[in-house]
Amino acid sequence: MCGIVGYVGRAHATPILLDGLRRLEYRGYDSAGIAVVDAGELDTRKCAGRIAALAKLVTKEPVSGSLGISHTRWATHGKVNDENAHPHFDASGKLALVHNGVIENYQVLKDELIRNGDTDFRSDTDTEVLAHLIGKLYDDSCASTVDAAAKKSRLFEAVRTALRQVIGTYGIALIHADVPDFMIGARRGSPLVLGVGNGENFLASDVSAIVAYTRDAVYLNDFDVVAASPDKFEISSLAGDITDHPVSKVDFTAEDVGKGDYPHYMLKEIFEQPDTVRDAMRGRLNSDESTAKLGGLNMGPPQLRDVGRIVLTGCGTALHAARVGEYLIERMASIPTEVDYASEFRHRNTPMTPETVVFAISQSGETADTLGALRESRRKGFRTLGICNNVASTIARESDGGVYMHAGPEIGVAATKSFTSQLTILTLLALLFGRMRNLATAEGTRVIEALQALPGQIEEVLGLNDQVKDIASKYASANGFLFFGRQFNFPIALEGALKMKEITYLFAEGHPSAELKHGVIALIRPDLPSIFIAPDDSVFSKNLNNIEQVKARKGPIIAVSSGNCAKHLKGIADEIVMLPEAPDYVMPILAVIPLQLLAYHLAVALGRDVDKPRNLAKSVTVE
Ligand code: AGP
């Protein structure tokens with residue numbers, strides 16, 4: 001939610017900031033802006049619209065300087081217009097600030113500023129209030145003439161004093177015209193990373209924005225405030241205590257965050273799945289003992305055996321992975337498993353037994369609701385584990401352990417490869433818990449073999465791309481889609497519908513197939529295709545009944561099936577997409593891929609902005 005990039009060094013800041021913003025555009029794309037200090041003057045350009053609009057503006061009216069901050073916005077407070085675009089300024093116009101998050105008490109702070117005579121607010125944003133507050137504190141402390149070093153330390157102190165008054169979340173970067181080689185950042189609840197360069201330093205809300213310039217990074221913690229100059233940086237707590245932070249090496253390169261030869265990130269990420277699924281299980285299969293090795297859980301055999309109940313939580317696609325996880329864990333390990341929306345779990349009083357373990361599933365590791373659920377679970381003293389892709393994320397750092405996805409950066413707003421990585425990891429977890437209980441060696445071996453076969457089978461499914469593209473063009477004028485599945489594939493129906501809604505903007509719903517007759521059947525009509533995920537498994541004949549019920553009411557049918565089922569579907573289903581044969585518990589990993597491709601090709605056919613669908617942002621760091 002919103003992207004921040006800051007630069008202090010000796011190079012021309014503008015191209016670095018614009019390049020970083022382009023890489024962060026997936027975080028928000030309502031408006032964008034840049035502020036640069038040059039020769040003691042603060043200069044800014046900002047506008048509603050995408051980074052391309054800002055770049056055009058900057059080409060027409062260039063700004064230069066070696067100190068700058070920039071922002072791409074996903075609106076929370078105030079309309080999408082030029083005024084509300086970041087950066088925002090203090091009353092003097094010499095301080096510029098960009099912000100990701102929500103300042104909940106901004107009205108109280110604003111009223112206080114107004115009472116003290118500061119009435120010159122130009123936007124409706126909470127961010128501008130913070131800029132005014134910091135600016136006022138700084139100006140008051142610099143009432144008498146002070147030298148540059150003193151100005152820096154007073155600005156640093158003004159930021160800390162202001163942030164101590166803030167209720168809410170923030171990742172911020174700010175600069176002041178008085179100190180042209182000095183940039184400040186701070187975080188609470190919204191990610192911020194410091195990139196450490198040679199004679200230059202960077203701030204970014206995601207390291208992918210700056211990895212082209214440096215792979216040395218310091219991941220800030222909540223309540224950290226960092227002051228950076230070209231050759232040094234200092235991190236303090238809000239109280240002013242200087243703290244030490246390790247510099248970490250970023251484990252991916254600028255190429256990894258590029259599109260390669262693909263027209264969209266989403267398509268690239270769909271096609272990466274043979275590798276990402278392989279990477280999710282790399283080094284984690286123990287064929288000798290027919291089990292999985294997940295050392296990151298930080299749990300020995302007695303603790304694993306003592307787990308009596310599992311809660312899986314997350315949002316959106318991660319929640320759909322959790323729903324598959326429930327079936328997997330119950331099937332292989334017979335541990336009662338419950339799935340809850342993170343946003344509900346964190347505010348509910350879910351009864352939990354002492355032997356409960358909670359898993360927070362999140363690609364970004366920054367989703368506010370999932371983080372809230374994790375914190376609530378830890379507050380109550382439960383072992384809380386993360387399944388994250390972003391290794392430096394807050395969820396990864398605040399959990400008691402977990403399993404990384406190792407899927408590489410996922411830039412497309414629609415989650416694809418992270419979903420199949422999550423499913424792979426949940427299968428490993430189910431196998432591990434199962435083998436600590438009653439899952440026989442031979443069954444464990446079968447699970448391992450099924451997992452090992454997946455990368456090759458995913459390649460086969462990707463080979464269906466042209467068929468799926470043809471189906472997409474045939475149904476491009478449909479009014480919406482219904483998705484149905486049973487057992488392991490019910491959550492895949494939900495996920496297929498989410499992908500469809502998200503990037504095509506068409507109406508789409510997912511249901512357990514059997515729910516059809518309890519109401520959904522009233523929707524069936526010739527312009528509303530139903531997609532059945534009906535592989536060759538123990539519930540195929542039940543699915544077939546439901547397919548026939550739709551056919552009888554003249555609803556078009558797209559069947560995603562496998563094995564020997566084609567002969568039963570011929571003459572009933574209008575389209576049949578055949579998957580490789582696989583056990584039912586890994587079938588979701590294969591079955592979701594044609595649905596990802598279908599949503600993708602339909603979105604392209606409809607002229608949608610696939611990687612940046614309207615109203616959405618990749619990582620939702622607000623509640
Ligand atoms: C998926 O396509 C969506 N963009 C969204 O539902 C996403 O899965 C959700 O916001 C959770 O994100 P996370 O995995 O980063 O926590």
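Both ligands and their constituent atoms are indexed starting at 1 by order of listing.
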J.: In terms of residue, atom name and distance, what is the protein heavy atom nearest to atom 14 (O) of ligand 1?
T.: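 For atom 14 (O) of ligand 1, the nearest protein heavy atom comes out as Q363 N, 2.7 Å.
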
J.: Determine whether more than 12 heavy atoms belonging to other residues, nucleotides or ligands lie under 6.0 Å from atom OH of Y341.
T.: no

J.: Would you call R331-D584 a salt bridge at under 4.0 Å N-O?
T.: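 Result for this pair is yes, salt bridge flagged.
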
J.: Is there a side chain to side chain donor-acceptor pair (under 3.5 Å) between T370 and R375? Walk through the geometry before answering.
T.: CA-CA 9 Å; T370 312; R375 287 180 175 157; over 6 Å; no

J.: Assess whether a salt bridge exists between K474 and D470, defined as any Lys/Arg side-chain N lying under 4.0 Å from an Asp/Glu carboxylate O.
T.: no

J.: Could you tell me, atom by atom, which parts of ligand 1 come under 4.0 Å of a heavy atom of G316?
T.: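 Atoms satisfying the 4.0 Å criterion: 6 (O).
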
J.: Taking the six-membered ring for Trp, are F488 and Y585 parallel (under 30°), tilted (30 to 60°) or perpendicular (over 60°)?
T.: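 Ring orientation, 0 to 90° scale: perpendicular.
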
J.: Please list the nearest protein heavy atom to atom 11 (C) of ligand 1 with its residue and the distance rounded to 0.1 Å.
T.: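 Ranked first by proximity to atom 11 (C) of ligand 1 is C315 O, 3.3 Å.
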
J.: Note the single closest protein heavy atom to atom 10 (O) of ligand 1, along with its residue, its atom name and the distance in Å.
T.: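 Nearest protein contact, heavy atoms only, for atom 10 (O) of ligand 1 is V620 CG2, 4.1 Å.
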
J.: What atoms in ligand 1 come closer than 4.0 Å to a heavy atom of A415?
T.: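 Counting atoms of ligand 1 from 1, those under 4.0 Å from A415 are 1 (C), 2 (O).
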
J.: Need the ligand 1 atom indices (1-based, order shown) with element for anything under 4.0 Å from a heavy-atom of T317.
T.: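 Listed by number with element, the hits are 1 (C), 2 (O), 6 (O), 8 (O).
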
J.: In terms of relative ring orientation, are Y600 and H264 parallel, tilted or perpendicular, with 30° and 60° separating the classes?
T.: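 Geometry flag for H264 against Y600: perpendicular rings.
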
J.: Test of understanding: given a 4.0 Å heavy-atom threshold, classify the contact between E502 and ligand 1 as side chain, backbone, both, or neither.
T.: side chain

J.: Considering only protein heavy atoms, which is closest to atom 15 (O) of ligand 1, and at what distance to one decimal place?
T.: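 Its nearest protein heavy-atom neighbour is S364 OG, 2.7 Å.
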
J.: Give the numbers and elements of all ligand 1 atoms closer than 4.0 Å to a heavy atom of K499.
T.: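 Counting from 1, the qualifying ligand atoms are 1 (C), 2 (O).
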
J.: Using a strict cut-off of 4.0 Å, indicate which atoms of ligand 1 neighbour a heavy atom of A414.
T.: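 It comes down to these atoms of ligand 1: 2 (O).
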
J.: Could you walk me through whether T356 and V311 pass side chain to side chain contact (heavy atoms under 4.5 Å, CB included), step by step?
T.: CA-CA 7 Å; T356 302; V311 173; 3.9 Å; yes

J.: What protein heavy atom is closest to atom 12 (O) of ligand 1, reported as residue, atom name and distance in Å?
T.: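 Ranking protein heavy atoms by distance from atom 12 (O) of ligand 1, first comes T367 OG1, 3.5 Å.
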
J.: Taking the cut-offs as 6.0 angstrom to the six-membered ring centre and 45 degrees off its axis, would you call R614 and Y505 a cation-pi pair?
T.: yes

